[in-house]
Protein chains: 2
Amino acid sequence: MASLPGKTVERLSEYRRTLLACLAENRNFIFSHDLAARLHITAVQVRRDLMLIGYTSVHRKGYDVKELIETISRIIDSGEGMNVAIIGIGNLGRALAAYFKGKRSKLNLVASFDNDPQKINKVISGVKCYPYDELEKIVAELKIEIAILTVPADFAKEIAEELIRAGIKGILNFTTVPLNVPSDVYLEEYDMITSIEKVAYFVKENKL
Amino acid sequence: MASLPGKTVERLSEYRRTLLACLAENRNFIFSHDLAARLHITAVQVRRDLMLIGYTSVHRKGYDVKELIETISRIIDSGEGMNVAIIGIGNLGRALAAYFKGKRSKLNLVASFDNDPQKINKVISGVKCYPYDELEKIVAELKIEIAILTVPADFAKEIAEELIRAGIKGILNFTTVPLNVPSDVYLEEYDMITSIEKVAYFVKENKL
């Protein structure tokens, strides 16, 4: 199967999270329109995405929740799991670390990095914090493939280059600095200020 | 002028941030292809967006950086500025609060809310923290129009309903729970787990 479009992968991740919430509510079946409504999208979109991953098993009571979770997981997860590090363990880094706690996920948070002597060699939010000059060594030792970048903007470029030299294969960039990466490294960027400014714009427009 | 598409607003916000960085480097002119390259998009996209906001003043040295910042600001900012509150001042809330510090922005962070007695009535990250039962009163008193929601998932729906009752006009939802809002409230949602799972998927695909 060819790689899925990015937007489809995002929705599959959201479907899975919604389906896990259904399981927690003891719901074992769900119709596409119900799944769609919970995510503010159309049932057609849900069915199209599931067709893309070859899932057509529709019961008369709807999709089998457990079965669909397993199918999505087979597609989007890596069989052996993947190790993740948080680069810059300030407030945002700690907030992100909290998402990994207690999740039966294939993504394992195994380290954080920072330059603050108060943090280095301590366990913060459940993982050990290493200094930046051990980046290459620890990335290799702990087989870290994904880096979540939450350093101050001024360091973003420099640290990203070090991550790439260290062999990181995917970067989730939360700094406000757009990065350049080689084609074998996957980069996803999110800028909170842009989201806030977007909300402000549409609030202003709604008032007109 | 009709409201701009959401994606255009996002890019205008990014152009402005890039242009402000240029000013800081003492660059007073920039070509569309240079602005585009810094944001990994095409020059055609930049020119199309600026045409949409009626900006066509291209100097032979490129765009006048200061003038373009002012033009974008006139379009996306609210004249009088807008007041913002952070709902749930944990690690993520504090990380977001830090973005507002020292910015000459039209967005003013004026309050935070939490249910932790250790936080209530204290100044955290530069703003006073109020209890949830004062939400309606404080939103009215401080004329808060935008809420940034960073509460634990279990409270998200309940608190969002209270925000809407209190008259909030825009919500930026960072919880993993999709919300429903009336049509006069603008909702923007961001889910970090989805971004992380997307990076993991493409790292896995790149290895195949």
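Only heavy atoms go into these numbers, but all of them, side chains included; no hydrogens, no water, no symmetry mates. Proteins come first, then strands; the chains are lettered A, B, ... in the order of their sequence lines, and each starts at number 1.
A salt bridge is defined here as a Lys NZ or Arg NE, NH1 or NH2 lying under 4.0 Å from an Asp or Glu carboxylate O, and B:K106 with B:E80 fails to meet this definition. A salt bridge links A:K198 with B:E188: at least one charged nitrogen is closer than 4.0 Å to a carboxylate oxygen. With respect to the salt-bridge test (charged N to carboxylate O, under 4.0 angstrom), the residues B:R17 and B:E14 do not qualify. The existence of a salt bridge linking B:D34 and B:R27 is confirmed by a sub-4.0 Å separation between a basic side-chain nitrogen and an acidic carboxylate oxygen. Using a 4.0 Å cut-off between charged side-chain N and carboxylate O, B:K122 and B:D116 make no salt bridge.
With respect to chain B, the highest number of heavy-atom pairs below 4.5 Å among A:I196, A:V9, A:T194, A:D191 belongs to A:T194. If you tally non-hydrogen atom pairs under 4.5 Å between each of B:L96, B:N180, B:T18 and chain A, the highest count goes to B:N180. Listed options B:R38, B:E189, B:E10 were ranked by heavy-atom pairs under 4.5 angstrom with chain A; first place goes to B:E10. Taking chain A as the reference chain and counting heavy-atom pairs below 4.5 Å, the highest number among B:V203, B:V185, B:L12 is found for B:V203. If you tally non-hydrogen atom pairs under 4.5 Å between each of A:L39, A:V84, A:I146 and chain B, the highest count goes to A:I146. For chain A, the option among B:V199, B:T150, B:I148, B:L92 with the highest count of heavy-atom pairs below 4.5 Å is B:V199. Annotation: maximal heavy-atom pairing with chain A below 4.5 Å, among B:G90, B:G79, B:S183, B:A95, occurs at B:A95. Counting heavy-atom pairs closer than 4.5 Å to chain A, the top residue among B:S195, B:S78, B:G170, B:G6 is B:G6. Considering only heavy-atom pairs separated by less than 4.5 Å from chain B, the leading option among A:M82, A:R11, A:H40 is A:H40.
Contact annotation for B:I76: both backbone and side-chain heavy atoms come within less than 4.5 Å of a heavy atom of chain A. B:D184 touches chain A through its backbone: at least one of N, CA, C or O sits under 4.5 Å from a heavy atom, while the side chain does not. Using a 4.5 Å cut-off between heavy atoms, B:L179 touches chain A through its backbone atoms (N, CA, C, O) alone. Within the 4.5 angstrom heavy-atom criterion, only backbone atoms of B:D77 (N, CA, C, O) approach chain A. Interface residue B:R16: only side-chain heavy atoms are found under 4.5 Å from chain A.
In this pair, B:F202 and A:Y186 present their aromatic rings parallel. The plane angle is below 30°, not in the 30 to 60° band. Using cut-offs of 30° and 60° on the angle between ring planes, the pair B:Y190 and A:F174 is perpendicular.
B:K137 has its side chain out of reach of B:Y130: every pair of non-hydrogen atoms, C-beta onward, lies at least 4.5 Å apart. Contact check for A:K128 versus A:N121: side-chain heavy atoms found under the 4.5 Å cut-off.
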